[in-house]
Asker: 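What follows is a structure written as structure tokens; I'll ask about it next.
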Amino acid sequence: MLKSLNTQILVAAVLGIAFGWLLSLSPQSDWSGNSLYVLSLLSSFFIGLLKMLLIPLIFSSIVVGVANLQAVGNFGKAWKITLLCFFTTTTCALLLGLLCAHVFQPGVGLDISLFKDAMDAHHTPDTLSPSAFFTNFLQNTLINPFKAMAENNVLAVVIFALLLGAIIVSGRGKFQQVHDLFQQVFDMMMQLVKWVMVIAPLGIFALMAKLIATEDFAVLGSLAKFAAVVTGTTIFHGVVVLPLLLWIFGRVSPLRFFRVARPALITAFATSSSSATMPLSMQCAQNLGVRPQIVGFVVPLGAQLNMDGTALYEAAAALFIANLMGLELSITQQFIVCLTAMLASLGAPGIPSAGMVTMIMVLQSVGLPAEAIAILLPIDRILDTVRTVVNVQGDIMISAVVQHHIGDDDSSLQAPT
Ligand code: ASP
């Protein structure tokens, strides 16, 4: 069933691209308008279902994940390995972003005045200095958990769930009933995910067709070099760096990884949202052989905190803007860019174009004008597709690495073939 669903999703994505292209040939026609309307309905239906599951799934899976980690192995070790993996892969992505921006120098030779109108017309949100970012971060994360759930504030929900999981562990059996209750809620949510997956091919078809039919690919022209460098580097990170790390530290064959993780990766591409993709990421990680306890802990945390594609993009984009303005960033400034890009990727929610908002902080940290994001906005939706795939890929991959390292006698992860 799953194998065929995996194939169905791939076929749906290809058909969606073809149909979107057909629609873009006659944008003014009635049939194209009607088709777009139906596609919007279908994609909203699919995304709506995923979003509906998101908060209960994240909440129950983290509580259960943390509570169960104690039972399956070394809780402290799992934590450390997870955070170390997040840090290592994000650092690799940042360095790669900087390196490629240096080698290919996108933006050099382009004139910033070309983009003056866009920058003037753009209303920049409030300034986002690192100190303002931290204040915001605290104010938005340590809040009433019910409010957080109602407002889809994922980070606040994650923090409360982590605390609740830790309390269950510290109770040493005292809160067993609550633990069992959350376990059942989690099992029910995963069952619901399976139901929603039945319409995934239709949802992916609609999302892809809508994306291709409505994006203005013409604007890619003036920014083509930057778009190509960022996309190429992100793909390199996803196809070479991450699989290599997975093979070395998780002993999972890259081919097998891509085959099993394909539904989640295609969904990430089509939705540009790690959060919306999370239910699938968890399923794919389990299909890879990672135990539910580890999946439930690592994947939701990663969907919020681990975004290699976003970090890479933000670092490369800051250098691109500096090039456009004819500025050379010193080594210290580049280090600051990396640091803020890492923070920005931690704080960015897993929704479309979230990276654009936190990008303001990266630009401002080295004195670049925040209005410059107006230059990137027209191509952001397209670039967001690939970086979200890599964000999601990192989460699934790290769950396999964590499983490999905390020891697992009955692991079904296979060694490289
Ligand atoms: N869309 C990305 C994600 O959901 C975040 C970003 O805009 O970079 O992972």
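Since this is a predicted model, take the numbers as computed values, not measurements.
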Asker: More than 12 foreign heavy atoms under 6.0 Å from CZ of F335: is that the case here?
Answerer: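 No.
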Asker: How about F59 and F182: are their ring centres within less than 6.0 Å of each other?
Answerer: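 Yes: the rings meet the under 6.0 Å criterion.
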Asker: For L142 and I159, work out which heavy atoms get closest and say how close.
Answerer: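 Smallest interatomic distance, heavy atoms only, reads CD2-CG2, 4.3 Å.
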Asker: Can any side-chain N or O of S273 pair as donor or acceptor with the backbone N or O of G350 at less than 3.5 Å?
Answerer: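 Looks like yes, one N/O pair under 3.5 Å.
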Asker: Between N287 (side chain) and V260 (backbone), is there a donor-acceptor pair under 3.5 Å?
Answerer: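 Pair absent, no side-chain N/O of N287 close to backbone of V260.
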Asker: Among side-chain atoms of D187 and Q183, is any donor-acceptor pair under 3.5 angstrom?
Answerer: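 Q183 and D187 do have a side-chain donor-acceptor pair below 3.5 Å.
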Asker: Quick check: closest heavy atoms across S365 and T340, and the distance to 0.1 Å?
Answerer: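 Smallest heavy-atom distance, with atoms named: OG-OG1, 3.3 Å.
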Asker: Could you check whether E314 and T358, counting side-chain N and O atoms only, form a donor-acceptor pair closer than 3.5 Å?
Answerer: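 Result is yes, a qualifying pair exists.
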Asker: Counting only heavy atoms not in D30, do more than 12 sit closer than 6.0 Å to its CG atom?
Answerer: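 Open.
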Asker: Ring centres under 6.0 Å, that's the criterion: do W79 and F297 meet it?
Answerer: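 That pair passes the under 6.0 Å test.
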Asker: Look at R381 together with D384 and state whether they make a salt bridge at an N to O cut-off of under 4.0 Å.
Answerer: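 The answer is no: the pair does not qualify as a salt bridge.
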Asker: Minimum heavy-atom separation for I294 and S399, please, with both atom names.
Answerer: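 Closest approach of I294 to S399, heavy atoms only: CG2-O, 3.7 Å.
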Asker: Answer whether the closest heavy-atom distance between the side chains of M359 and L363 falls below 4.5 Å.
Answerer: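 Contact flag for M359/L363 side chains = yes.
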Asker: In Å, rounded to the nearest 0.5 Å, how long is the span from OG1 of T267 to CD1 of I204?
Answerer: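 Between atom OG1 of T267 and atom CD1 of I204 there are 3.5 Å.
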Asker: Would you please classify the geometry between the F226 ring and the Y313 ring as parallel, tilted or perpendicular, with 30° and 60° separating the classes?
Answerer: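 The arrangement is tilted - the two ring planes meet at 30° to 60°.
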Asker: Which distance, rounded to the nearest 0.5 Å, do you find between the OG of S61 and the CD of Q293?
Answerer: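 Result: 12.0 Å between the selected atoms.
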Asker: So, taking the atom named CG in D380 and the one named CD1 in I375, what distance separates them when rounded to the nearest 0.5 Å?
Answerer: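 So the gap between those two atoms works out to 13.0 Å.
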Asker: Nearest 0.5 Å please: distance from the OG1 atom of T90 over to the CG atom of N306.
Answerer: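 Spacing of OG1 (T90) from CG (N306) equals 4.5 Å.
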Asker: Just jot down the side chain to side chain contact (heavy atoms under 4.5 Å, CB included) partners of L15, sequence neighbours excluded, or say none.
Answerer: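 Side chain to side chain contact (heavy atoms under 4.5 Å, CB included) list for L15, sorted by chain: V11, F205.
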Asker: May I ask you to check whether Q393 and H237 show a side-chain donor-acceptor distance below 3.5 Å?
Answerer: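 There is no such pair between these side chains.
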Asker: So, taking the atom named CD1 in I62 and the one named CG in L57, what distance separates them when rounded to the nearest 0.5 Å?
Answerer: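 The CG atom of L57 is 9.5 Å from CD1 of I62, to the nearest 0.5 Å.
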Asker: Rounded to the nearest 0.5 Å, what separates atom CD1 in I143 from atom CZ in F160?
Answerer: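 Interatomic distance, I143 CD1 to F160 CZ, rounded to 0.5 Å: 11.5 Å.
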Asker: Ignoring hydrogens and angles, state whether a donor on the side chain of D395 or S274 is under 3.5 Å from an acceptor on the partner side chain.
Answerer: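 The criterion, which ignores hydrogens and geometry beyond distance, is not satisfied for S274 and D395.
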